[in-house]
Amino acid sequence: MTRINSPADLEKFRQGILSSRDSDKLCITLCSGSACQASGSGEVAASLEAEIEKQGLSSKVEIRKTGCHGFCERGPIIVIHPDETCYLQIEPVDIPEIISQTIKEKQVIERLLYSDPVTGKKIVHESEIPFYKNQERLVFGNNLKIDPKSIEDYLAIGGYAALTKALSEMTGEQVLEEVKKSNLRGRGGGGFPAGIKWEGARNAPDATKYVIVNADEGDPGAYMDRSLLEGNPHSILEGLTLGAYAIGAHEGYIYVRQEYPLAVDNVNKAIKTAEELGFLGKNILGSGFDFTIKVHQGAGAFVCGESSALMTALEGRVGEPRPKYIRSNIKGLWDKPSVLNNVETWANVTLIINKGANWFRQYGTEGSRGTKIFSLVGKITNTGLVEVPMGMTLRDIIFKIGGGIPNHKKFKAVQTGGPSGGCIPEELLDLGVDFDALSQAGSMMGSGGMIVLDEDTCMVDVARYFIEFLTDESCGKCVPCREGLRQMLKILTNITIGKGKEGDIELLEELSETAKEAALCALGQSAPNPFLSTLRYFRDEYEAHIKEKRCPALSCKELIAFYIDPEKCQGCGTCLKKCPTDAIIGGKKMIHIVDQEKCTKCGTCFEVCPTKFSAVTKISGVPVPPPVPEEERTVVKKSKEKQ
Amino acid sequence: MDNDRIDQIINKHQGAASSLIQVLLEIQSEHHWLPREVLQRISEKLQVPLARILHIVTFYKAFSLVPKGQHQVHVCVGTACHVRGASRIIDSLQTLIGIKPGETDLELKYSFETVNCLGCCALGPVLEIDGKTHGKMTPVGVADVLKNYE
Amino acid sequence: MSEILLEIDGKEVKAKSGMTILEAARSVGISIPTLCYHEALEPFGSCRLCSVEVEIHGRIKLVAACVYPVAANIVVKTRSAKIDRIRKMILELYLAHAPDSFVLQDLAKEYGADKDRFEKESSFCIHCGLCVRYCAEVKQKNAIGFVDRGARKEICFIPEIAAQECWDCKECFPLCPTEALQAAYVLSQSLFSP
């Protein structure tokens with residue numbers, strides 16, 4: 001590819017791409033993000049390619065493997081353009097039918113369409129599916145249109161226009177002012193105004209400065225950054241270059257988790273093609289501005305997502321955070337002014353320079369402009385990545401977009417902000433998602449993880465889970481975190497196994513104060529949040545565990561017992577067959593009994609007991625009723641009366 | 001791993017001390033573990049104290065100081081998988097292959113680990129073996145999956 | 001170096017720019033407890049015993065005095081109910097590792113810390129890092145280092161290097177607040193000797 005040396009050359013090149021694209025050609029886009037790959041989209045792709053070849057349609061149909069579409073629950077997803085016909089949960093066996101029916105005969109295949117769970121109505125077009133319709137996909141939307149390995153695709157949808165505009169028509173200060181005006185707040189969790197961070201770095205008296213992409217997305221359950229980096233890497237490169245121009249940096253780093261191999265590959269490839277075409281390197285687009293980007297992989301440490309720890313890791317050392325008394329935009333990487341922002345923040349920068357701060361400000365709330373991408377996961381019908389304007393209520397996100405809780409279960413709480421965040425209960429569901437509202441409720445926006453919990457989730461266990469995660473990920477440097485969290489974990493574990501005692505909650509609160517006030521970094525300071533917020537809204541669960549040795553959600557293994565209701569058991573024998581430890585005693589047409597000594601509480605019997613009987617129950621806090629005596633275990637056939 | 005290959009990898013990163021983690025990642029990925037002699041060689045070539053290298057290879061979970069088993073068994077313990085019952089999958093695996101997370105069995109057949117979020121939350125609970133993802137796992141389903149790796 | 005005026009415990013203190021609160025306080029005889037601090041070493045900020053309250057622009061926050069740089073017009077308090085609570089808790093967490101340490105016991109008396117508040121931990125090490133940092137910064141031998149992270153973090157003598165350097169040095173032994181470092185060295189040598 002020849003290097004592009006001016007804005008005029010770029011326009012020519014872009015027009016060249018657009019005119020060489022045959023608008024009559026059908027385009028089949030197939031979601032090939034990591035989650036869909038796990039669902040088998042690789043095999044679907046192979047099948048597609050083979051079938052198109054077989055049917056001699058290669059000149060009429062293009063296959064485009066795109067990044068994540070977001071509707072991960074229903075992947076792999078195919079969308080056929082230009083009609084926008086959308087098929088869900090595709091398997092290789094569906095491909096011949098899709099090619100012969102939809103591609104050749106222009107017939108829609110009903111069974112592969114989305115159907116409304118209540119009315120059963122079928123929806124043909126992707127954008128009309130309620131999951132997508134209620135979103136505002138400013139940042140994420142382009143994932144559906146491009147092959148992340150193709151810079152031509154990115155250019156065809158207007159890519160690098162923002163950079164051209166900035167380098168040829170604006171000064172670095174003007175770019176900075178525009179970002180300041182937009183009031184863009186960091187999307188990584190801190191929510192700090194990006195423009196102000198940049199200004200500090202720009203004004204710092206040092207010739208060498210750095211810009212850094214934080215792609216060390218560590219919050220469990222959050223994978224928005226991965227999908228952005230996999231699906232649209234050039235938008236991040238463009239944003240980073242804009243940031244470098246704004247503050248006067250000439251070197252950039254992308255710190256990405258090594259657990260994201262596809263993201264590492266795609267971003268490396270994007271950098272290579274950007275360098276070939278001249279969007280990176282010396283004298284970009286003839287502007288005189290030089291900028292290069294290096295990719296640096298993480299090595300498996302959540303704490304490296306903390307900005308000062310990340311910079312320490314970039315320097316080749318262990319990721320131990322530094323105290324933030326001297327801000328990293330003044331003294332950061334190698335003690336030079338460094339601007340570190342999250343992947344999604346950089347993607348927003350590209351949009352803001354493209355369309356203007358005023359355009360950006362029309363979305364969101366006064367204090368939180370723009371949109372946010374959330375990973376909506378857990379006990380939710382439509383698991384996936386959703387992008388909504390700030391201010392949309394949690395209720396709308398969870399029920400309108402997410403489709404509510406599956407299996408007729410009741411919503412209990414939604415956990416936001418990852419291990420630094422908290423749980424928001426039902427009474428606060430009408431809260432609009434924005435930085436300040438979530439903090440006031442005792443949680444935080446965080447990087448965007450939104451984990452929905454239902455009536456079967458034990459809130460004490462949720463607190464224990466996060467503290468366990470953090471004790472594992474703590475760097476270990478300071479006492480309040482290393483020792484404090486270790487003790488909190490012991491106490492919380494004891495509570496969940498029935499060994500909780502009076503005074504535990506007060507001790508946990510004391511340890512929480514020490515960590516919040518005296519820990520060295522934000523990991524330690526925010527570690528008590530999951531405990532404090534579950535205590536605030538679900539104190540009764542803690543008290544039941546401690547005083548009654550009862551788990552109200554019937555979840556903590558040590559506090560529950562599986563009991564077969566003798567009134568309901570019909571002796572079908574399914575549970576006995578499936579029990580992995582032979583802990584069920586029974587025989588044909590006999591009431592089955594769980595041997596509590598052998599039972600390992602795996603829950604298999606509970607799951608396999610046919611719904612029409614629902615004889616296996618979980619009990620907690622009360623002694624298990626003694627087994628029915630052997631003579632009385634013959635099943636009495638139930639008469640056909642309604643119960 | 002021979003010294004020539006180690007030197008090659010180090011030179012690719014211009015022998016800079018700050019590239020220590022990247023060098024170690026490449027060697028780990030090729031060799032699957034980091035023998036003591038390799039660490040000593042890196043310490044010499046990059047002019048970095050061995051103490052610092054040891055801290056790095058034990059601090060970061062991507063590195064292994066012991067040989068790994070033939071099959072890498074990973075259970076995702078991200079929050080979404082946790083609430084969908086990942087701990088039961090771990091219990092089942094423990095019973096079936098006889099080792100706890102973080103361990104490798106004596107025949108070097110399986111290395112069992114819990115991993116942080118794989119980002120396939122829609123498929124939770126997720127079990128990954130040798131890079132292949134198995135979704136919607138149940139304690140019973142685990143036994144079926146393991147049959148493929150006997 | 002310019003002069004900076006700040007207030008510590010109601011006293012007006014003249015400090016030089018670049019000083020930390022700890023240095024400024026010591027220059028006027030105000031004592032702040034420390035454990036991981038040593039004049040010959042870079043401040044570490046790990047024990048958090050030196051936590052003090054700092055008020056700037058009307059907001060109060062807790063900072064580690066050994067690393068926080070002095071700034072004009074800040075108001076510092078080295079004792080308060082909250083600070084005392086936190087120091088007591090830190091000491092109790094430490095005493096679970098090294099209940100017999102004289103240094104810790106003295107401090108425990110002052111802050112009312114109970115050495116039996118938490119169950120005893122198996123490792124004596126309280127991670128002040130004095131041994132590791134001394135060997136790295138002063139002796140530049142790196143014969144002892146940290147390994148792992150979080151609750152599993154430990155100190156470790158590097159056998160190849162310790163076997164050659166430590167016998168003739170031993171300068172880190174008296175630095176250990178728990179006095180158990182010498183025992184750790186002897187144990188590690190016995191495990192690795194041929």
Side-chain angles (χ1 to χ4, degrees), chain A residues 34-35 37-39 72-75 217-223 226-227 258-260 296-302 304 313-320 334 375 377-379 383-384 415 418 449 451-454 456-457 462 465-466 469 473 475-476 557 578 580-581 600 602-604 607-608, chain B residues 13 16-26 28-29 46 48 52-53 55-63 74 76-89 91-92 95-96 114-124 126 128 131-136 138-140 142-143:
Chain A
S34 290
Q37 299 256 17
S39 293
C72 308
E73 185 73 39
R74 310 296 294 275
E217 188 173 50
D219 283 359
Y223 59 105
R226 185 184 74 190
S227 299
Q258 56 95 18
E259 293 95 321
Y260 286 173
H296 195 112
Q297 286 187 55
F302 170 77
C304 289
L314 276 175
E315 294 174 9
R317 301 192 271 136
V318 289
E320 281 177 355
W334 289 299
S375 71
V377 298
K379 304 292 186 80
T383 311
Q415 205 280 338
I451 318 222
V452 181
L453 311 169
D454 70 5
D456 291 338
T457 316
V462 168
Y465 165 83
F466 280 117
F469 176 79
E473 296 292 344
C475 78
K557 252 172 57 162
K578 296 281 187 182
T581 52
T600 59
C602 70
T604 306
E607 252 155 66
V608 303
Chain B
H13 293 270
S18 60
S19 63
L20 174 59
I21 296 175
Q22 304 307 291
V23 166
L24 286 165
L25 277 171
E26 234 185 289
Q28 168 76 36
S29 149
L46 283 179
V48 170
R52 187 170 128 199
I53 299 182
H55 194 187
I56 286 175
V57 300
T58 48
F59 181 94
Y60 291 107
K61 296 307 141 196
F63 303 121
H74 296 164
C76 176
V77 290
T79 322
C81 283
H82 177 77
V83 302
R84 286 190 186 188
S87 49
R88 286 168 31 204
I89 310 301
D91 289 342
S92 286
T95 318
L96 287 164
T114 53
V115 290
N116 284 339
C117 184
L118 291 166
C120 312
C121 311
L123 299 169
V126 169
E128 187 190 58
K132 186 162 192 293
T133 316
H134 303 269
K136 309 232 170 159
T138 57
V140 176
V142 172

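Labels below follow one simple rule: chain letters A, B, ... track the order of the sequence lines, proteins then strands, and each chain is numbered from 1.
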note = Highest number of heavy-atom pairs under 4.5 Å with chain B among A:E315, A:E217, A:H296 belongs to A:H296
task = Give, as side chain, backbone, both or neither, the part of A:Q415 having an atom under 4.5 angstrom from any heavy atom of chain B.
result = neither
key: CZ-CD1 distance between B:R84 and A:I451, expressed to the nearest 0.5 angstrom   = 10.5 Å
key: Max heavy-atom pair count under 4.5 Å with chain A, selected residue of B:A143, B:S87, B:C81, B:A62   = B:A62
query = Going by an N to O cut-off under 4.0 Å, is there a salt bridge joining B:R88 and A:E607?
reply = yes
ask   = Which of the residues A:S34, A:C72, A:G384, A:G221 is involved in the greatest number of heavy-atom pairs with chain B at under 4.5 angstrom?
value = A:G221
note = If one checks every heavy atom of B:D91 against chain A at 4.5 Å, the contacting part turns out to be side chain
key: Which atoms of B:V83 approach chain A - backbone, side chain, both or neither, heavy atom under 4.5 Å   = both
Donor-acceptor pair, side chain of A:R317 and main chain of B:R52, under 3.5 angstrom = no
ask   = For A:A222, is it the side chain, the backbone, both, or neither that has a heavy atom closer than 4.5 Å to a heavy atom of chain B?
value = backbone
request  = Please state whether the side chain, the backbone, both or neither of B:T95 comes within less than 4.5 Å of a heavy atom of chain A.
outcome  = neither
query = Hey, are the side chains of A:Q297 and B:I21 touching, using non-hydrogen atoms and a 4.5 Å cut-off?
reply = no
query = What's the shortest heavy-atom distance between A:T383 and B:C121, and which atoms?
reply = CG2-C, 3.9 Å
message = Taking atom NZ as the centre, does A:K578 end up with more than 12 heavy-atom neighbours from other residues, nucleotides or ligands that are less than 6.0 angstrom away?
response = no
task = Kindly say whether B:T79 contributes a backbone atom to a donor-acceptor pair with the side chain of A:Y465 at under 3.5 angstrom?
result = yes
key: Heavy-atom donor-acceptor pair, A:R226 side chain to B:L118 backbone, under 3.5 Å   = yes
ask   = Quick one: of A:A35, A:A313, A:S39, A:G378, who has the most non-hydrogen atom pairs under 4.5 Å with chain B?
value = A:G378
request  = Would you name the heavy atoms of B:P139 and A:C602 that are closest together and state the gap between them?
outcome  = CG-O, 4.3 Å
note = One should read off an interatomic distance between A:Y223 OH and B:C120 SG, to the nearest 0.5 angstrom, of 8.0 Å
remark   = Per-residue tally against chain A (heavy atom, under 4.5 Å) across B:V77, B:V126, B:T138 peaks at B:V77
key: Considering all heavy atoms, the nearest A:G316-B:L20 contact   = O-CD2, 3.8 Å
task = Against chain A, label B:L123 side chain, backbone, both or neither, depending on which of its atoms sit under 4.5 Å from a heavy atom there.
result = side chain
request  = Apply side-chain contact (heavy atoms from CB on, under 4.5 Å) to the pair A:E259 and B:K61, showing each step before the final yes or no.
outcome  = CA-CA 11 Å; A:E259 293 95 321; B:K61 296 307 141 196; over 6 Å; no
ask   = For B:S19, is it the side chain, the backbone, both, or neither that has a heavy atom closer than 4.5 Å to a heavy atom of chain A?
value = neither
remark   = Heavy-atom nearest pair, A:P220 first then B:C117, reads CA-CB, 3.6 Å
ask   = Can you say whether A:C475 sits under 4.5 Å from chain B via the side chain, the backbone, both, or neither, judging by heavy atoms?
value = both
request  = Starting from the C-alpha separation in whole Å, work towards a yes-or-no answer on side-chain contact (heavy atoms from CB on, under 4.5 Å) for A:C304 and B:Y60.
outcome  = CA-CA 10 Å; A:C304 289; B:Y60 291 107; 3.6 Å; yes
Pairing of B:K136 and A:E73 as salt bridge, 4.0 angstrom limit = yes
ask   = With a 4.5 angstrom heavy-atom cut-off, which part of A:Q258 approaches chain B: side chain, backbone, both or neither?
value = side chain
